[in-house]
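One structure is given here, and the rest of the page talks about it.
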Amino acid sequence: MCGIVGYIGYREAYPIIIKGLKRLEYRGYDSAGIMLYNGKNLQIAKTKGKVSDLESKSSDIAQSAATIGMGHTRWATHGVPNDINSHPHVSNSGNLVIIHNGIIENYEPLKKELLNRGYTFSSDTDTEVLINLIEEVKKNEKLKLGKAVQVALNQVVGAYAICVFDKENPDEIVVARLGSPLAIGVGENEFFIASDASPFIEYTSNAIYLEDEEMAIVRLHKPLKIRKIKDDSLVDPYIQELQMNLEQIEKGGYDHFMLKEIYEQPNVIKDTYRGRLHANSGIVQMAGVEDNLEKFLHAQRILIVACGTSWHAGLVAEYIIEEFTRIPVEVEYASEFRYRNPIINPNDVVIAISQSGETADTLAAIKLAKEKGAFVFGVCNVVGSSISRETHAGAYTHAGPEIGVASTKAFTTQITVLTMIALRLAKAKGTLSNSDFYRYLQELEVIPEKVHEALESNEKAKEIAAKFKDAPNCLYLGRGYNFPVALEGALKLKEISYIHAEGYPAAEMKHGPIALIDEQMPVVVIAPKQGHYDKVVSNIQEIKSRSGKIIAVVTKGDVQVKELADHVIEIPETSDALSPLITTIPLQLLSYHIAVMRGCNVDQPRNLAKSVTVE
Ligand code: F6R
């Protein structure tokens with residue numbers, strides 16, 4: 001987590017860094033800091049709080065003519081969020097400055113050793129240890145900064161994306177990465193450094209993404225040299241043309257990124273299947289699947305690994321893939337999978353799902369599966385991300401940048417890709433009848449219109465939100481394909497409104513959670529016409545007879561549930577298997593409005609970060 005930005009060139013660095021940090025706040029937002037070098041002095045400001053707090057605190061350096069500098073927005077790992085623990089950190093000599101995204105796991109023995117050598121520390125961070133280790137190496141071995149960084153990093157265990165600056169050699173920034181992302185924007189006589197390309201998108205569309213264990217010395221008027229940290233070998237820089245544009249990373253008139261992203265879903269689902277799905281011709285194809293079709297077809301089992309919302313998309317995929325292809329599917333939290341010595345066979349196919357493509361646990365699960373010989377397929381949104389590079393093959397979701405911390409469009413586009421995979425495999429295996437196959441293709445093609453229609457529930461969701469915004473708890477129930485949607489609805493509510501919420505398979509309620517139901521308890525029930533409608537109706541009756549307040553998501557024209565529920569939200573009719581793409585929409589809207597009404601920071605909920613690059 002944490003966002004880093006660096007600049008070296010001919011423009012004033014301050015505004016570039018501040019704007020860049022604001023775009024990276026999704027990565028962490030509990031403290032922020034900036035360092036500029038004006039040719040004579042280091043100018044440093046840092047503070048607990050958001051980048052806007054940093055702006056207020058750094059007004060004295062806002063007009064600085066410095067054309068080199070770096071900034072940081074933090075998600076605390078070592079040391080509470082406060083001014084002192086904020087980055088940048090300066091070495092004991094006052095010459096070296098660092099910003100760091102990641103964790104130095106062996107910082108304690110390193111710190112002990114440095115304390116023995118007379119170093120002092122003002123913060124509780126692992127990062128301050130790293131910058132002093134670099135200083136010690138530089139001083140002791142009389143090395144230039146780049147070499148000292150390299151030697152120090154070879155003593156470090158953990159993850160990092162770092163920028164290091166040396167006041168004694170002020171025309172360069174040394175950067176390195178292991179496990180945390182780092183992109184270098186290459187402009188005319190200027191370089192940008194950032195955790196992703198969003199801070200420099202309006203200046204250049206040329207970017208180099210450092211790979212793990214690579215470092216570079218970024219210097220003006222000199223060709224960029226990238227080296228392997230371990231063996232010092234040179235790597236050819238690969239410049240990528242960026243696909244992102246400025247409009248995609250702005251709010252476009254919406255109050256929040258989350259709302260914008262909810263409303264983008266009809267379009268981005270279309271982007272997800274564009275060129276891959278041609279319903280009338282019976283074509284559903286993705287290059288990554290076509291190239292590896294045999295592996296999928298011979299899979300004795302598909303293992304899905306993911307975290308959070310992506311894990312929920314994996315659960316939906318379990319139901320769809322098993323139903324369509326009859327291939328057994330298991331879905332695992334990446335964080336559990338990686339540490340429990342799982343059984344992975346060479347003829348297992350592992351699908352890793354991740355919006356950011358940077359989630360540390362998912363990345364580690366992929367590495368483990370590869371070590372055990374499995375074929376690993378990635379479903380990622382961020383192009384060029386670590387997971388997309390670490391997997392053998394994959395399919396992008398093409399949802400565009402998701403900036404709101406709560407995932408919305410990532411979820412529906414992941415389900416779209418996974419449904420297409422299931423349909424492609426079903427076609428090859430003959431496990432779906434021809435008519436069902438065509439029916440699903442056709443239905444998937446019109447899903448964007450149905451999502452659009454489901455978005456019309458916005459006003460209703462707002463009305464219901466006003467009634468339940470002060471509830472301390474909330475239950476979400478669904479069955480079959482909509483059980484994972486219940487989990488996802490509960491996650492959305494708790495993460496942005498801080499209301500405690502739980503998702504359950506509706507029938508499980510009577511095995512415990514029913515004890516929670518009284519007249520204070522709102523219960524959101526996903527009850528579309530297709531699927532286990534009658535069973536869900538019975539569950540609703542059980543809640544009703546215990547005075548629970550029922551908010552039901554129903555198919556347009558429903559009569560039975562309408563009579564029982566306190567509030568209903570109508571959605572268009574879809575087949576059971578594709579219904580999660582629709583039923584999830586009103587739940588996103590409901591949590592959005594509740595969070596807004598409670599005065600919560602919807603796009604940046606407390607304690608969270610968009611990209612979880614620590615385990
Ligand atoms: C919830 C949310 C998180 C992420 C999880 C995995 O709204 O956004 O639960 O889904 O951190 O992130 P990715 O998909 O980037 O691997």
Side-chain angles (χ1 to χ4, degrees), residues 262 265-266 269 312-313 315-320 322-324 408 411-412 415-416 418-419 422 436 439-440 442-458 460-461 464 474-493 503-509 522-544 548-591:
I262 291 173
Q265 288 174 108
I269 292 173
H312 295 155
L315 286 181
V316 175
E318 175 184 16
Y319 283 61
I320 296 178
E322 287 202 346
E323 175 68 25
F324 289 10
T408 50
F411 181 65
T412 45
I415 294 174
T416 304
L418 293 158
T419 305
D436 279 347
R439 183 169 60 79
Y440 281 124
Q442 263 146 10
E443 210 185 321
L444 196 53
E445 210 163 56
V446 297
I447 279 289
E449 278 116 82
K450 293 190 181 180
V451 172
H452 194 265
E453 214 180 316
L455 287 167
E456 286 165 13
S457 63
N458 186 43
K460 189 79 198 171
I464 299 172
C474 191
L475 269 181
Y476 284 72
L477 304 178
R479 296 182 82 120
Y481 292 100
N482 282 299
F483 155 53
V485 176
L487 296 179
E488 175 59 9
L491 175 61
K492 284 297 83 97
L493 185 69
Y504 268 94
E508 272 296 300
M509 197 188 49
V523 185
V524 178
V525 187
I526 307 158
K529 199 82 202 156
Q530 309 292 337
H532 314 279
Y533 181 75
D534 294 340
K535 305 275 175 214
V536 178
V537 170
S538 309
N539 297 138
I540 291 176
Q541 262 150 348
E542 288 156 13
I543 303 162
K544 189 84 194 153
K549 294 278 170 292
I550 296 157
I551 303 156
V553 176
V554 298
T555 308
K556 241 173 209 160
D558 179 282
V559 184
Q560 218 177 333
V561 174
K562 243 184 211 164
E563 273 177 13
L564 296 169
D566 297 272
H567 304 277
V568 292
I569 303 180
E570 291 193 325
I571 49 158
E573 184 162 0
T574 28
S575 66
D576 195 20
L578 301 191
S579 64
L581 290 165
I582 309 298
T583 51
T584 197
I585 306 293
L587 304 192
Q588 294 171 346
L589 290 167
L590 186 64
S591 33

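Remark: S538 pairs with no residue by the side-chain hydrogen bond (donor to acceptor under 3.5 Å, both in side chains) rule, at least two apart or across chains.
Contact between I320 and A577 at its shortest, heavy atoms only, is CD1-O, 3.6 Å. In plain terms, the two heavy atoms of L590 and A461 that are nearest each other are CD1-O, 3.6 Å. Across P448 and I269, no two heavy atoms sit closer than the pair CG-CG2, 4.2 Å. P586 and S457 make their closest contact through CB-OG, 3.8 Å (heavy atoms, listed as atom of the first residue, atom of the second, distance). The nearest pair of heavy atoms linking L581 to V451 is O-CG2, 3.8 Å. When all heavy atoms of L444 and T419 are compared, the pair lying nearest together is CD2-CG2, 4.3 Å.
Here the CG atom belonging to D436 is positioned 9.5 Å from the OG atom belonging to S575, to the nearest 0.5 angstrom. Here OH of Y319 is found 15.0 Å from CG of L418. Values are rounded to the nearest 0.5 Å. Atom-to-atom distance recorded for E456:CD and H452:NE2 is 7.0 Å, nearest 0.5 angstrom. R479 contributes atom CZ, which lies 7.0 Å from atom NZ of K535 (distance to the nearest 0.5 angstrom). A distance of 10.0 Å separates CD1 of I415 from CG of L315, quoted to the nearest 0.5 Å.
Taking 4.5 Å as the limit, every side-chain heavy atom of L578 sits out of range of all side-chain heavy atoms of K450. Contact annotation: the side chain of D558 approaches that of Y533 to within less than 4.5 Å [non-hydrogen atoms, C-beta and beyond]. In this structure, the side chains of N539 and V525 stay at 4.5 Å or more apart for every pair of heavy atoms. Between I540 and V561, some side-chain heavy-atom pair lies under the 4.5 Å cut-off. In this structure, N482 and S579 have side chains that are in contact, with non-hydrogen atoms separated by less than 4.5 Å.
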task: Applying side chain to side chain contact (heavy atoms under 4.5 Å, CB included), run through E488 and V316 and close with a yes or a no.
output: CA-CA 11 Å; E488 175 59 9; V316 175; over 6 Å; no

query: Can you list the steps and then say if Y481 with E323 is a side chain to side chain contact (heavy atoms under 4.5 Å, CB included)?
result: CA-CA 11 Å; Y481 292 100; E323 175 68 25; 3.3 Å; yes

- prompt: Is there a side chain to side chain donor-acceptor pair (under 3.5 Å) between T408 and Q588 once you walk through the steps?
  reply: CA-CA 7 Å; T408 50; Q588 294 171 346; 5.0 Å; no

- request: Show the numbers, then the answer: is there a side chain to side chain contact (heavy atoms under 4.5 Å, CB included) between K492 and L587?
  value: CA-CA 8 Å; K492 284 297 83 97; L587 304 192; over 6 Å; no

message: One pair to check against side chain to side chain contact (heavy atoms under 4.5 Å, CB included): I582 and I447. What are the steps and the verdict?
response: CA-CA 8 Å; I582 309 298; I447 279 289; 4.0 Å; yes

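Separation of the Y440 and F324 ring centroids falls under the 6.0 Å cut-off.
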Side-chain donor-acceptor pairs of residues 564-573 under 3.5 Å, sequence neighbours excluded:
{"unit_1": "D566", "atom_1": "OD2", "unit_2": "I550", "atom_2": "N", "d": "2.7"}
{"unit_1": "E570", "atom_1": "OE2", "unit_2": "G557", "atom_2": "N", "d": "3.3"}
{"unit_1": "E570", "atom_1": "OE2", "unit_2": "K562", "atom_2": "NZ", "d": "2.7"}
{"unit_1": "E573", "atom_1": "OE2", "unit_2": "Q530", "atom_2": "NE2", "d": "2.6"}

